Amino acid sequence: MKKILVLEDEANIRSFVVINLRRSGFEPIEAETGEMALEKLRVNPDICLALLDVMLPDIDGFEVCRRIRATGSKMGIIMLTAKSQEIDKVTGLMTGADDYVTKPFSPAELTARVDALIRRLGVDEDERSSTELSSGPFLLNTRNRTLEKDGQRLKLTQIEYLLMKLFMENPGKAMSREDILAAVWGNDFKGELKTVDVNIRRLRIKIESDPTEPEYLTTVWGYGYKWGY
Ligand code: CA
């Protein structure tokens with residue numbers, strides 16, 4: 001599991017971040033002061049990314065960032081800045097941070113930035129290829145069970161996720177509604193074939209630019225569906 005340092009002095013923001021990182025499959029390492037963060041980095045040299053709050057009771061986040069870079073570390077660094085601190089972005093650039101997330105942020109926004117930075121840093125090339133499936137603008141992560149289109153996270157139900165996985169693993173293959181029902185709902189499922197159509201219709205609304213003229217998830221008339229990209 002990838003370790004991420006979370007430096008934030010406000011306990012409620014810190015636990016919000018920690019919970020969401022854990023949910024996304026990361027191992028958060030918490031620190032509430034700058035000095036504590038530097039100590040945690042010393043004892044956890046395998047931390048791959050740091051989230052640094054700027055306003056702290058001791059040394060500020062920029063100073064922590066400067067000291068991390070001074071050691072020659074290439075780890076990913078994302079600054080957590082307050083809205084009114086636009087000027088902080090400039091300072092951050094000069095101290096070697098990779099990205100910024102402005103407070104208040106949503107869990108989706110934070111994990112998207114973390115994922116994007118980890119991707120950019122090329123951490124664990126092998127692990128990534130075995131947990132990610134890509135097709136056109138779509139990127140399916142089988143570890144987090146998430147789907148992105150053009151880098152934007154799409155909210156899927158578990159059934160929609162399983163449908164996407166089935167299609168992306170079988171590009172260009174026409175699949176009957178019976179096959180889809182068995183693969184996604186299981187052989188014991190006694191539901192109607194219409195269940196497939198209903199869920200495909202919902203999925204298209206999320207993934208297609210125009211669900212009435214599907215570009216990716218196409219209909220094979222009288223048979224079933226195909227990942228047509
Ligand atoms: Ca703070």
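Counting starts at 1 for both ligands and their atoms, in listed order. Everything quoted here is computed from the prediction, not taken from an experiment.
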Between E160 and the options K206, R202, K165, K155, the salt bridge (charged side-chain N to carboxylate O under 4.0 Å, His left out) test singles out K206
If the test is side-chain hydrogen bond (donor to acceptor under 3.5 Å, both in side chains), which one of T219, D179, T218, D197 qualifies with Y225? D197
Do R143's NZ or CZ and the ring of F26 fall within the cation-pi criteria of under 6.0 Å and 45°? yes
E10 near the Ca ion (ligand 1): N/O/S under 3.0 Å: no
Checking only N/O/S atoms, does D53 have one that is under 3.0 Å from the Ca ion (ligand 1)? yes
For the Ca ion (ligand 1), what is the closest N, O or S atom on D9? OD1
Within the supplied structure, the quantity of interest is the number of heavy atoms (other residues, nucleotides, ligands) at a distance under 6.0 Å from Q158 CD; does it exceed 12? yes
